[in-house]
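This is the structure I have questions about; it appears just below.
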Amino acid sequence: MRLLVDVGNTALKVASEVNNNITIIEEGDINWSVVKEIAIAQVGPNKLLENVTTKAQQLSIPVRQAKVTCQLGAVKCAYPQFQNLGIDRWLGVVACHYLYPNKHCVVVDSGTASKVDVVTKAGEHLGGWILPGLDMMIESLVSNTQKVFSDSESLFLPELGRNTPNAVKNGALIATLGAVEAGIAQLNCDFEDIQVVFAGGYGELLQLHFEKPSVFIDDLVLKGLRNWCEFIHK
Ligand SMILES: Nc1ncnc2c1ncn2[C@@H]1O[C@H](COP(=O)(O)OP(=O)(O)O)[C@@H](O)[C@H]1O
Ligand SMILES: CC(C)(COP(=O)(O)O)[C@@H](O)C(=O)NCCC(=O)O
Ligand SMILES: [K+]
C-alpha cells in the first residue's frame, strides 16, 4: 500500500492507495504493517507530519516529497519560477487535467486559503489566484474592526446579508464564488468546454452554492499526488 499525505496549513489529509484506488483514512487508522512507501504533498507546517515521519523512520519506509516541476506529463506550469507554486495547487491542476482531458478546468481548492487555478484542455496551466480562506476572511474582518462580528450559527448564503454575521459570512462566500466566475471568464470560451472542480474543506459548501454545473472532489490533491507518483516512477 502507498500512503498519500496532503499537508495543508490547517489539516493533514491521509489516504491509502492500493491498485490505483485511493481511500481517505484517519491518520490513526493507518495500517503501518502494509505501508510500502509514503508520498507527501506539503505546503503546511512540519508539525502536522511529525507522527508520519517518525513512524516512517522507525519502520524504514521510503518517503517521497512531491515537488513542482515546469512540466508533469502534459501539464505545463504557468509560473516561470515553478518552484514557488504551491504543490497542492500543482497537484490539483494535474489531477483535473487527467480527470477531464477534453475540458479546460477551473480548479478551486478552498481551505486555509482559497486557490483558483485555470488549466486548458491542452494542459497549459494559465495561472491562478490566492485568496484568504473563508475563515481567514471572517477572522481578519472581526479582529481588525470595532463593530463587525460573526457567529457560528449563521449560514453562508449567496444572498445579501441583513445582519452583521450574514453580511460577513455571505460576503466571504460571494467573494470566493466571484473569483470562480472570474476564472471561468479568463478562458473566454463556451461553458460547455469548461469543467469547474471544487476541493478542500470549504469546497463542498462552495460547490453547493455555485450556480453553474460543477463537481466537488474531496481527494483532488491526493489524486494529483497519485499522478505524480506514476510519472516520477516511470
Ligand atoms: N466539512 C469540513 N471539513 C474540514 N474543513 C472544513 C469543513 N468545512 C469548512 N472547513 C474549513 O476548511 C479549512 C480546512 O480545509 P482544508 O482544505 O483541509 O485546509 P488546508 O488544506 O488549508 O489545511 C478550515 O478553515 C475549516 O474551517
Ligand atoms: C496558498 C497556499 C498556502 C494554500 O495552502 P492551503 O490553503 O492548502 O493551506 C499554498 O498553495 C502555497 O503555499 N502556495 C505557495 C504560493 C503560490 O502558490 O504562489
Ligand atoms: K490544501
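We count ligands from 1, going down the list as the structure has it; atoms in each ligand are counted the same way.
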Please name the pair of heavy atoms, one in Ile22 and one in Leu222, separated by the smallest distance, quoted to 0.1 Å. CD1-O, 3.7 Å
Could you tell me whether the side chain of Lys169 and the main chain of Asp151 form a donor-acceptor pair under 3.5 Å? yes
List ligand 2 atoms under 4.0 Å from Lys115, heavy atoms only on the residue side. 4 (C), 5 (O), 6 (P), 7 (O), 8 (O)
Between the side chain of Asn144 and the main-chain N/O of Ser140, is any donor-acceptor distance below 3.5 Å? yes
May I ask you to decide if Leu3's main-chain N or O and Glu17's side chain share a donor-acceptor pair within less than 3.5 Å? no
So the atoms of ligand 1 within less than 4.0 Å of a heavy atom of Gly200 turn out to be 17 (O)
Got a donor-acceptor contact below 3.5 angstrom from the Lys76 side chain to the Glu124 backbone? no
Considering only heavy atoms, which of Asp109, Thr112, Asp135 lies nearest to atom 26 (C) of ligand 1? Asp135
Any N/O pair Val43/ligand 2 closer than 3.5 Å: no
What do the steps show when you test Asp88 against Lys115 for salt bridge (Lys or Arg N to Asp or Glu O under 4.0 Å), and what is the final call? CA-CA 9 Å; Asp88 57 337; Lys115 295 78 73 182; 3.6 Å; yes
With a cut-off of 4.0 Å, which atoms of ligand 2 are near a heavy atom of Gly86? 11 (O), 12 (C), 14 (N), 15 (C), 17 (C), 18 (O)
Closest by any non-hydrogen atom to atom 11 (O) of ligand 2: pick that one out of Ile130, Val221, Asp88. Asp88
Ligand 2 to Tyr79, heavy atom cutoff 4.0 Å, flagged ligand atoms 17 (C), 18 (O), 19 (O)
Look only at interatomic distance and state if Gly111 has a nitrogen or oxygen under 3.5 Å from any nitrogen or oxygen of ligand 1. no
I want to confirm something. Looking only at heavy atoms, which of Gly201, Gly8, Gly203, Ala41 is nearest to atom 16 (P) of ligand 1? Gly201
Under 4.0 Å from one or more heavy atoms of Asn9, ligand 2 contributes atoms 3 (C), 5 (O), 6 (P), 9 (O)
Pick one of side chain, backbone, both or neither for how Thr112 approaches ligand 2, counting any non-hydrogen atom pair under 4.0 Å. both
Please determine if Ala113 has a nitrogen or oxygen closer than 3.5 Å to a nitrogen or oxygen of ligand 2. yes
Of all the heavy atoms in Glu204, does at least one lie under 4.0 Å from an atom in ligand 1? no
Could you tell me whether Lys103 and Glu192 have a side-chain N and a carboxylate O separated by less than 4.0 Å? no
Ignoring hydrogens and angles, tell me if any N or O in the side chain of Ser154 forms a donor-acceptor pair with the backbone of Pro165 under 3.5 Å. no
Taking only heavy atoms of Arg89, which atoms of ligand 2 are found under 4.0 Å from at least one of them? 11 (O), 17 (C), 18 (O), 19 (O)
Taking the side chain from His125 and the backbone from Val119, do they hold a donor-acceptor pair closer than 3.5 Å? no
How does Asn84 reach ligand 2, if at all, at less than 4.0 Å between non-hydrogen atoms: by side chain, backbone, both, or neither? backbone
Start with the C-alpha distance between Phe231 and Tyr98, add both sets of side-chain angles, then the distance that settles ring-ring contact (aromatic ring centres under 6.0 Å, His included), and finish with yes or no. CA-CA 12 Å; Phe231 281 112; Tyr98 285 100; 5.7 Å; yes
